[in-house]
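First listed ligand is number 1; within each ligand, the first listed atom is number 1.
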Amino acid sequence: MDDVLIRGSFQSVLTRHLEENGSDLLSSGSPPEPEPVHFLLSEEQLLLGSGQNLSWTGPGRGSDRAAAPVCCLNETQFLLQPEGGGVAVTCMCGSGTASRSRENVAEINWRHEEFSKASGSGPEVNGPSSRVSEGSGGSRKLLDPDLWREPGDSCGSDELQQQTGTSRCSDHSPLNHQSAVILLPVHQATLLHRNGSSQKKTVSPKSDPPVWIQNFVGFLVDRSIAMNRLKLISGHLSPGGSAAPLPDLRSFDCGCAAPSPGDEVVVVHGRRTAIGKAKKGSFKDTTPDELLSAVMTAVLKDVGLSPDQLGDVCVGNVLQPGAGALMARVAHFLRSGVKCQRSGVETFKVAGLPKGRGLRRGGAWSGFPEKVPVYTVNRQCSSGLQALLNIAGSIRSGSIQLGLACGVESMSLRSMGDPGDLSSGLSANAKARDCLIPMGVTSENVAERFGVSRRQQDSFALDSQINSGAFCPSSGSPSRSSVPSVPSSCGSGPVRAGADPCVPCRAARARDSGRFDREIVPVSVTVRDESGRERRLEVRRDEGIRAGTTLEDLARLRPAFKPDGTTTAGNSSQVSDGAAAVLLGRRAAVEELGLPVLGVLRGSAVVGVPPDLMGVGPALAIPAALQQAGEATGTVWIRTDPTEPTLPQFSSSGLKVNDIDVFEINEAFASQAVFCVQRLGLPPEKVNPLGGAIALGHPLGCTGARQVVTLLNELRRRGRRWVRSSRCSQTGPGSDPVPPSLSLRAFGVVSMCIGTGMGAAAVFEFPGP
Ligand SMILES: CC(=O)SCCNC(=O)CCNC(=O)[C@H](O)C(C)(C)COP(=O)(O)OP(=O)(O)OC[C@H]1O[C@@H](n2cnc3c(N)ncnc32)[C@H](O)[C@@H]1OP(=O)(O)O
């Protein structure tokens, strides 16, 4: 086999290599002789192909990385030491923040030492810091943790820079480290933990095909550095540790980092509960595990997927103790009160699937089996979206094929405002102090700092409830305050010929016209009144929407967070209860199971912003996600200057505003939503066309997942449209990229600000029915 230098996404080159050589590898009773195949990956390609957490686990799933002889970005838990053939290398691919911790320095040093002990002149362990000398063996220079400054000093000391060979702060970013990925045949391996324990793992060629892939070396950064590193590592791996001459490498530039279609992360289906008013609504006595169980069950039932086919379940939650880890596992086993399709009461039908298929495939429902794992994640208000990104990352890395991303919150039973245990030293640090600012006050900060008036906020709030047309970002002044006639395109069905699909219906009209019926899982609950009397009811409508809202009413409300402020109960998100779940999968697996594809995840970004202005998050996160989506879809893109002191204007890079059909931007507060819409120049009719958190409510951990469900259903309702695309195929060395062409698709964005100062965004494509 020739050595090949390939540009392509990590996942796609790996998969291609498997496809091309898979049959030999799988049929062989013993591991093949190592024949190096070298891949050159650009920094973006590796990140794109693997997500921020590259973890090629190959066999098994979830966190079973034991049989995975390949590095994991940010993975610092173990070192894999092969036995009886081959050499496995784990390496520390640099992560900006991770690499700056003292703990990580110790980790890297530990690995270096272990490799030295285990393999004599064994392979170089690459790291953000490792420098090997030319020649055989490579002298491993251990790092001095004292040179590593504490977090906050992002550049590190001069000595550190010398040691790591970096010269600028940005050299510490994950994009700038030299990193290697080496995959070698392994029969058996011992998993060493830093705590001294070890575990032996045997790898079976039939069930664990990825470990039979021959040598795999991927390098980041530029080609010349990569070549040099390749040479060094080849030397370490060759018998006797001599520096082997590097064979001539062929290079293939695809010019596009899009994953092959089969590797795409797709959304199969999603459902949510109605959103209840916290403390006074229908879910006030319902525990979050019950809400969660209802949506988890409904999603799988709808598409007829047995839960034991799930590789993992991730649940976003903010307020439950420990981000609801226990609550989520309990939800797992609960027998849900969701109505099943057989009853005839629930008339929901998944596009592309015959009705009732779930019953044939899924059978009777009795909770999830214990073998399906679940974990929770808390990225505050974006936890539901973060759960989706986590599951997507696991799918991209090959850890799982199918996963469920959920979000849930009961703001009735738990309150915001408990900061937990924090250092008394935080008072000495302005940024740390700012993390404690109440969310409503950050809204006031945004309004004051960027001049968002009370009237603009109220106009935006009114438009969230009803499509009044009051909010006019271009002029900054409301155009009218009365309720207009109902747009002709409102309705739950497909857009009628002649109707403008872009006329928003906002929350009241969307609810009344049944637009949310497809999304909402009816949940039967018990509610107690003030005298303790209980009654059963079925909740299937959002409770926060106020169809009778007028600008005048809103103007009369008193500021809620500051005596002279502009943020009120009417222009803030509501405190709410609810849950949502989204089924994701690798496209190839989804298609094999005959499941529908509702959307494709094209890009995502999470960015940091000043904690006292946390509401500006979407203004930075959306361009970053669009850039990534542009790359994933093959659009030419240009990076904006990260040192730009002001918030970037929407750039010409990546996908553009005009490419996006719907923006679901969480309305934490009208102030920050108005700011983000204006800063990005978004057409108001494209923003939250079915209303947002001001009207619907904002159950913190649920909202991101809820937005994805709403967005994809709306994209589906609107249908497809023509968009110029320059997607490039990932066909392999020597083949020509597919030329730019026109393709049918629709795009949507989900975004939100995050308390303590962050913004998150994800870009989805509706691929057509
Ligand atoms: C990163 C992030 O996402 S940060 C966001 C995190 N979430 C938050 O911070 C939650 C923000 N919201 C809040 O804290 C709360 O909603 C508050 C404090 C603003 C208001 O809470 P409450 O007072 O309980 O709100 P409530 O719904 O009862 O409304 C208060 C009053 O305003 C009135 N009101 C609210 N909306 C409207 C409206 N659209 N039209 C007319 N009146 C209205 C209500 O009728 C009520 O009046 P009443 O007391 O006479 O009945």
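Within a 4.0 Å radius of atom 16 (O) of ligand 1, the protein has at least one heavy atom. Shown here, atom 35 (C) of ligand 1 is in close reach of the protein: a heavy atom of it lies under 4.0 Å off. Atom 29 (O) of ligand 1 is approached by the protein to below 4.0 angstrom, counting heavy atoms only. For atom 4 (S) of ligand 1, a protein heavy-atom neighbour is present inside the 4.0 Å cut-off. By the definition of a contact as any protein heavy atom under 4.0 Å away, atom 51 (O) of ligand 1 is not in contact. Distance screen at 4.0 Å: atom 22 (P) of ligand 1 has no protein heavy-atom neighbour inside the cut-off.
Protein heavy atom closest to atom 33 (C) of ligand 1, with residue, atom name and distance, is Leu557 CD2, 3.6 Å. Remark: minimum distance from atom 2 (C) of ligand 1 to any protein heavy atom is reached at Cys381 SG, 2.8 Å. In terms of protein heavy atoms, atom 38 (C) of ligand 1 is closest to Arg546 CD, 3.3 Å. From the protein, the heavy atom lying nearest to atom 18 (C) of ligand 1 is Phe561 CZ, 4.1 Å. Protein heavy atom closest to atom 7 (N) of ligand 1, with residue, atom name and distance, is Ser573 OG, 3.6 Å. Protein heavy atom at the shortest distance from atom 13 (C) of ligand 1 is Val575 CG2, 3.7 Å. Closest protein heavy atom to atom 41 (C) of ligand 1: Asp553 CB, 4.0 Å. Atom 20 (C) of ligand 1 has Ala569 CB, 3.6 Å as its closest protein atom, hydrogens excluded (heavy atom only).
Atoms of ligand 1 found under 4.0 Å from any heavy atom of Cys753 (numbered from 1 in listed order, with element): 1 (C). Counting atoms of ligand 1 from 1 in the listed order, those under 4.0 Å from a heavy atom of Gly570 are 36 (N). Heavy-atom proximity to Ala668, at under 4.0 Å, picks out these atoms of ligand 1: 2 (C), 3 (O), 4 (S), 5 (C). Every atom of ligand 1 is numbered from 1 in the order shown, and the set under 4.0 Å from a heavy atom of Gly755 is 1 (C). Ligand 1 places these atoms under 4.0 Å from at least one heavy atom of Met614: 1 (C), 4 (S). Listed by number with element, the atoms of ligand 1 under 4.0 Å from a non-hydrogen atom of Ile754 are 1 (C).
In this structure the side chain of Leu385 never reaches within 4.5 angstrom of the side chain of Gln707, judged on heavy atoms. Between Ile622 and Ile660, the closest side-chain pair of non-hydrogen atoms is not below 4.5 Å. For the pair Val313 and Cys406, the minimum side-chain heavy-atom distance is below 4.5 Å.
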Given the rule in the salt bridge (charged side-chain N to carboxylate O under 4.0 Å, His left out) test, do Asp577 and Arg414 qualify, once you have shown the distances and angles that lead to the verdict?
CA-CA 10 Å; Asp577 306 324; Arg414 294 274 159 182; over 6 Å; no

side-chain contact (heavy atoms from CB on, under 4.5 Å) between Glu409 and Val318, intermediate numbers included:
CA-CA 7 Å; Glu409 205 70 64; Val318 180; 3.3 Å; yes

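In Thr550, neither the side chain nor the backbone holds a heavy atom less than 4.0 Å from any atom of ligand 1.
Tested against Glu667, the residues Ser464, Ser572, Ser573 include a single side-chain hydrogen bond (donor to acceptor under 3.5 Å, both in side chains) partner, Ser464. When the options Lys277, Arg511, Arg706, Arg272 are evaluated for a salt bridge (charged side-chain N to carboxylate O under 4.0 Å, His left out) with Asp542, the one that passes is Arg272.
Electrostatic pairing of Glu714 and Arg515 counts as a salt bridge here, judged by a charged N lying under 4.0 Å from a carboxylate O. Using a 4.0 Å cut-off between charged nitrogen and carboxylate oxygen, Glu765 and Arg602 count as a salt-bridge pair. Of the charged side-chain nitrogens involved, none lies within less than 4.0 Å of a carboxylate oxygen, so that Arg556 and Glu552 do not count as a salt-bridged pair. A salt bridge does not link Lys284 with Asp529: every distance from a Lys NZ or Arg NE/NH1/NH2 to an Asp or Glu carboxylate oxygen is 4.0 Å or more. Ion pair Lys562/Glu448 flagged as a salt bridge, since at least one NZ, NE, NH1 or NH2 atom sits closer than 4.0 Å to an Asp/Glu carboxylate oxygen.
At least one heavy atom of Leu700 sits closer than 4.0 Å to an atom of ligand 1. A heavy-atom separation below 4.0 Å is found between Met416 and ligand 1.
Residue Arg329 qualifies as enclosed at atom CZ: its count of foreign heavy atoms under 6.0 Å is above 12. Within a 6.0 Å sphere centred on CG of Asp564, heavy atoms belonging to other residues, nucleotides or ligands number more than 12.
Note that OG1 of Thr442 and CZ of Arg449 are 13.0 Å apart. Values are rounded to the nearest 0.5 Å.
When the heavy-atom distances from atom 24 (O) of ligand 1 to Met439, Lys280, Lys277, Lys279 are ranked, the shortest goes to Lys280.
Taking distance alone, with nitrogen or oxygen atoms compared against 3.5 Å, Thr549 approaches ligand 1 more closely than that limit.
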